[in-house]
Amino acid sequence: MTGGADAPAVPRLLVWRHGRTEWNAAGRFQGQLDPPLDAEGRAQAARTAPHVAALLEGQEVLLVSSDLQRAVDTAGALAPLLGVQLRIDERLREHGLGSWEGLTRHEVADRHPGQYADWMAGRPVPERGGEAQADVAARALAAVADLPPAATAVLVTHGGTAGRLIEALLGLGAEHKRVFGPLGNCHWSELSFQASGWRLMRHNLSAPTPEGVEGGVRATGDRGPFPEPSATDAPDAPRAGASPEEGAPATDADAG
């Protein structure tokens, strides 16, 4: 789907990450486990959905969600505003992280120090089970390829799957991973197919946060446009620690 490919049935994609969960806030690996949105996550979806709907007014739109409930509930805030039926596609679910799912970063370090060291160094961690990054990208690309014709598709997914999908659409190889930051909770990116292939037009956008919500600042576990390292962020250097949201500094995956 990069340069030279045939034009896709849907030439514009909004890749929208689900709202916050308690596990996001605690820096806990979610993977394909399914904790629900927390109160802030539900509020994020409710205030973001009208903003996204306004961007799509008058367009033929598809709304497709991961089958995990935190994504379905986020998408459910948008569907009635668009007047479309929500489609569910399990190929948009989060990266499976095997035995790490349900653990915090510190618990992984204590229980699986060798795996944790590999992860921090940017090496694959096959011993934990779960999925390979390439497999996550392949299934997400297949979901996009199977979309019926429309002007725009909103794909409601997860931090890791969103990252792998965007990288694959842009044709980024391993040497170009992490050239852009991961999506925050209820943030989205926009991609457009043009003559040369897919282009990332906007990244990590969010609806304005009303005054008085979380004190007017970014909620714990949520990223703004220029995130600082945290328990749920992906730091730029191993010294800051890898994270559930994006994995080790070069190769590993997300759990959001």
Side-chain angles (χ1 to χ4, degrees), residues 1-2 5-21 24 30-37 41-42 44-45 48-49 52-53 55-56 59-98 101 130-171 182-183 185-193 198 200 203 245 253-256:
M1 290 189 180
T2 55
D6 294 335
V10 182
R12 182 188 183 209
L13 301 175
L14 298 187
V15 181
W16 187 22
R17 188 183 175 210
H18 64 79
R20 197 184 75 173
T21 70
N24 286 142
Q30 295 180 129
Q32 295 182 2
L33 298 182
D34 206 7
L37 299 178
R42 294 190 296 273
Q44 288 172 340
T48 302
V52 174
L55 298 176
L56 303 172
Q59 299 182 36
E60 183 183 11
V61 179
L62 299 173
L63 178 60
V64 189
S65 174
S66 156
D67 62 334
L68 298 180
Q69 199 62 45
R70 58 191 184 270
V72 172
D73 289 346
T74 300
L78 180 60
L81 301 181
L82 295 177
V84 300
Q85 182 176 358
L86 175 61
R87 298 166 178 258
I88 303 297
D89 194 327
E90 66 180 11
R91 294 174 294 184
L92 296 177
R93 63 168 46 188
E94 182 57 299
H95 186 125
L97 293 177
E101 293 183 356
E131 294 179 282
Q133 282 193 2
D135 293 336
V136 178
R139 61 173 166 82
L141 282 174
V144 171
D146 288 345
L147 293 172
T152 302
V154 180
L155 308 179
V156 188
T157 184
H158 307 264
T161 303
R164 306 298 79 74
L165 174 60
I166 293 171
E167 290 163 358
L169 289 171
L170 298 177
L183 287 176
N185 286 117
C186 240
H187 289 51
W188 71 91
S189 292
E190 177 185 347
L191 296 101
S192 176
F193 189 88
W198 286 100
L200 182 63
H203 179 58
E245 291 306 324
D254 193 334

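For the single chain, residues carry numbers from 1 onward in sequence order.
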Report task. Ignoring hydrogens and angles, tell me if any N or O in the side chain of Glu131 forms a donor-acceptor pair with the backbone of Gly96 under 3.5 Å. Result -> yes

Query raised in the report: For the atom pair CG (Leu37) and CD (Gln69), what is the distance rounded to the nearest 0.5 Å?
Result: 8.5 Å

Requested in this report: Say whether, by atom type as modelled, one donor and one acceptor occur between the side chain of Trp16 and the main chain of Cys186 under 3.5 angstrom.
Outcome: yes

Query - Result of checking Leu86, Leu78, Asp89, Thr74 against Ser65 for side-chain contact (heavy atoms from CB on, under 4.5 Å) - result: Leu86

Report summary line: When rounded to the nearest 0.5 Å, the distance separating NE2 of His158 from CD of Gln30 is 8.5 Å

**Report entry** Gly31 versus Leu68, closest heavy-atom pair with distance
**Finding:** O-CD1, 3.9 Å

Report summary line: Across all chains, not counting sequence neighbours, the salt bridge (Lys or Arg N to Asp or Glu O under 4.0 Å) partners of Asp73 are none

Query raised in the report: If every non-hydrogen atom of Leu183 is compared with every non-hydrogen atom of Ala162, which pair is closest and at what distance?
Result: CD1-CB, 3.7 Å

Query raised in the report: Taking Arg164 for the side chain and Val136 for the main chain, is one N or O donor matched with an acceptor at less than 3.5 Å?
Result: no

Report task. Give a yes or no answer on whether the side chain of Thr161 reaches the backbone of Arg93 with a donor-acceptor pair at less than 3.5 Å. Result -> yes

Query - With Asp135 via salt bridge (Lys or Arg N to Asp or Glu O under 4.0 Å) - residues at least two apart - result: none

Query raised in the report: Minimum heavy-atom separation for Arg139 to Glu94, with atom names?
Result: NH2-O, 3.0 Å

Query - Residues which pass salt bridge (Lys or Arg N to Asp or Glu O under 4.0 Å) with Glu101, listed by chain and number, not counting sequence neighbours - result: none

Report summary line: Scanning both residues in full, the closest heavy-atom pair of Ser66 with Ala71 reads CB-CB, 3.8 Å

Requested in this report: First locate atom CD1 of Ile166, then atom CH2 of Trp198, and finally report the distance between them rounded to the nearest 0.5 Å.
Outcome: 11.0 Å

Report summary line: Rounded to the nearest 0.5 Å, the CD atom of Glu167 sits from the CG atom of Leu141 at a distance of 11.0 Å

Requested in this report: Could you tell me which non-hydrogen atom of Ala53 sits nearest to which non-hydrogen atom of Leu81, and how far apart they are?
Outcome: CB-CB, 3.9 Å

Report summary line: From the list Leu56, Leu63, Leu62, side-chain contact (heavy atoms from CB on, under 4.5 Å) partner of Val84 resolves to Leu63

Query raised in the report: Passes side-chain contact (heavy atoms from CB on, under 4.5 Å), Leu14 versus Val61? Steps please.
Result: CA-CA 10 Å; Leu14 298 187; Val61 179; over 6 Å; no

Report summary line: Heavy-atom closest pair (Ala143 atom, Leu92 atom, distance to 0.1 Å) is CB-CD2, 4.1 Å

Query raised in the report: Within the side chain of Arg12, is there an N or O that forms a donor-acceptor pair under 3.5 Å with the backbone of Glu190?
Result: no

Requested in this report: Starting at CG of Leu13, measure out to CG of Leu169 and round the result to the nearest 0.5 Å.
Outcome: 6.5 Å

**Report entry** Point-to-point distance, once rounded to the nearest 0.5 Å, from CG of Leu191 to OG1 of Thr152
**Finding:** 11.5 Å

Query raised in the report: Thr157 versus Val15: any side-chain heavy-atom pair under 4.5 Å?
Result: yes

